[in-house]
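Throughout, a chain's letter reflects where its sequence line sits, starting with A, and its residues are numbered from 1. All values derive from a computational prediction rather than experimental measurement.
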There are 2 protein chains.
Amino acid sequence: MANKSKMDGSIGAKNKQIILAAAEKAFASFGFKGTSVQQIADEAQLPKTNILYYFKSKQGLYVALLQDIMSLWNSRFDRVTAADDPAESLADYVAEKMTMSRTHPQASKIFAMEVLNGAPYLNKYFNTEHVAWMNGRVAIIQSWIEQGKMAAIDPTYLLFHIWACTQHYADFSAQITSLLGKSMKRADFEEATRQVIKLVLSGCELDIPRKYQE
Amino acid sequence: MANKSKMDGSIGAKNKQIILAAAEKAFASFGFKGTSVQQIADEAQLPKTNILYYFKSKQGLYVALLQDIMSLWNSRFDRVTAADDPAESLADYVAEKMTMSRTHPQASKIFAMEVLNGAPYLNKYFNTEHVAWMNGRVAIIQSWIEQGKMAAIDPTYLLFHIWACTQHYADFSAQITSLLGKSMKRADFEEATRQVIKLVLSGCELDIPRKYQE
DNA sequence: CAAAAAGTAGACCATATGGTCAGTTTTTTG
DNA sequence: CAAAAAACTGACCATATGGTCTACTTTTTG
């Protein structure tokens, strides 16, 4: 109803995707202010005016991109319940987040930059949907603790640390690449995933699910 | 010999400090490109030309600031030895890094932004001094493991995760503030520190030193 | 105390950049 | 197939910004 021919495979929708992809690449490398519309245009191989045709302004493009990125964050962990197994649920969540860091590092970087700068465009989201999500997750972890399924770890901090460790592999890849002497490949991410899972689960006094052992 | 009257309490040195402090605040909030020399001048309450008088260019000021920041990272962990106690050494390191996140969040943010953007100005440092530091620390942790003092955790990943968790509290403070409904005070940082120490040490199968229990 | 060095500051400029406009071409649709 | 809608694009503009130049004032020093 809202969007009739715009969301289809129509030429407009396709171009929007191209532009968003180009913007993601550029913003991740140079930040919002550091990226010019011209750069995005070059990356997208479209004239500059075309960019402004699809997105009212540079800021409009940025906000649209940010929205796109936030929807990527959706995970199976959103739908976990008190009846689920904490070890498997948490391990799966870590693994999913690590996969995101590997496959969408630019999205992670843009998100990080936005938060670093005080989250001017995400504050509203943080104070509404995100808090609600958080409360839901915390309640479930708390109930796992009360059921004696895992050690009494503050669920809020637990989530902070999962985010910190997993996102680190995307956000700080430049540092990691220097220190490892090579950029991380799929196998390295798998090893890193095992390490994070081990860390997180041992912090919760949980056993590592078979599928994540070695 | 190199600097005679410049490094003293002379008017020049004092102004440089004022400018660096102003630049730290501005760059942390808006990034390198997002910060104008005029903004820094306003923050420092000095005319713009004065900034360019002390630092050849905006980039020069940024590099000087980055150098300043890197020197802050020095820690007792730099001088730890194979004879030291891993539990105490690691717990102290985490505690020190958490204190840095609380007292110098802007420095942490600038560092994060630099790395996020591919570390253009830090790459040289990463590939030399930083690798050397890393190799030294990894060797010591490895020897702790060989001495049976701690579980066999990959030291490289261990350090990555310590950095990730501790720096997270500075870099993602905007998100944390929203989710906690208030900005973290000293007491919150102390609690967070205990949580990180618990996580890291349990990952290494180490007992928490008395001074960090409750 | 006079000369030199250091510090201060307004005027100015070249460039880059976000964004508008007006006109054209292509695609869709009744 | 013609009219309308969507897509495209070069020309243009106002503004912001990094940085220079020149001249003036204050501080240091021999």
May I ask you to verify if any side-chain N or O of B/Asn15 is less than 4.0 angstrom from the OP1 or OP2 atom of C/dT8?
-> yes
Does a side-chain N-to-carboxylate-O contact under 4.0 Å join B/Lys182 and B/Asp188?
-> yes
Answer yes or no on whether B/Lys58 is positioned over the face of B/Phe32, meaning its NZ or CZ is under 6.0 Å from the six-membered ring centre and within 45° of the axis.
-> yes
Shortest non-hydrogen contact from A/Ile153 to A/Gly203?
-> CD1-O, 3.0 Å
Would you please name every residue forming a side-chain contact (heavy atoms from CB on, under 4.5 Å) with A/Gln38, sequence neighbours left out?
-> A/Ser36, A/Ala41, A/Asp42, A/Lys48
How many Å lie between CG on B/Leu46 and C1' on C/dA9, as a whole number?
-> 11 Å
Between C1' of C/dC21 and NZ of A/Lys48, the distance in whole Å = 13 Å
The correct set of residues in residues 49-64 of chain A placing a heavy atom under 4.0 Å from DNA chain C is A/Thr49, A/Ser57, A/Lys58
Taking atom C1' of D/dC8 as reference, at what distance in whole Å does atom CD of A/Gln45 sit?
-> 16 Å
Please determine if B/Asp84 and B/Arg76 form a salt bridge, counting it only when a charged side-chain N lies under 4.0 Å from a carboxylate O.
-> no
Taken in chain and number order and not counting sequence neighbours, the residues that satisfy side-chain contact (heavy atoms from CB on, under 4.5 Å) with B/Ala82 are B/Ser143, B/Gln147
Let me have the donor-acceptor pairs involving side chains of residues 103-112 of chain A, under 3.5 Å, with sequence neighbours excluded, atom names and distances please.
from	atom 1	to	atom 2	distance (Å)
A/Thr103	OG1	A/Thr99	O	2.9
A/Ser108	OG	A/Asp171	OD1	2.8

Just list the side-chain donor-acceptor pairs under 3.5 Å for residues 67-75 of chain B, sequence neighbours left out, or say none.
from	atom 1	to	atom 2	distance (Å)
B/Ser71	OG	B/Asp68	O	2.7
B/Asn74	ND2	B/Ser71	O	3.0
B/Ser75	OG	B/Phe77	N	2.8

Listed in order of residue number, which residues of residues 20-41 of chain A have a non-hydrogen atom at under 4.0 Å from DNA chain D?
-> none
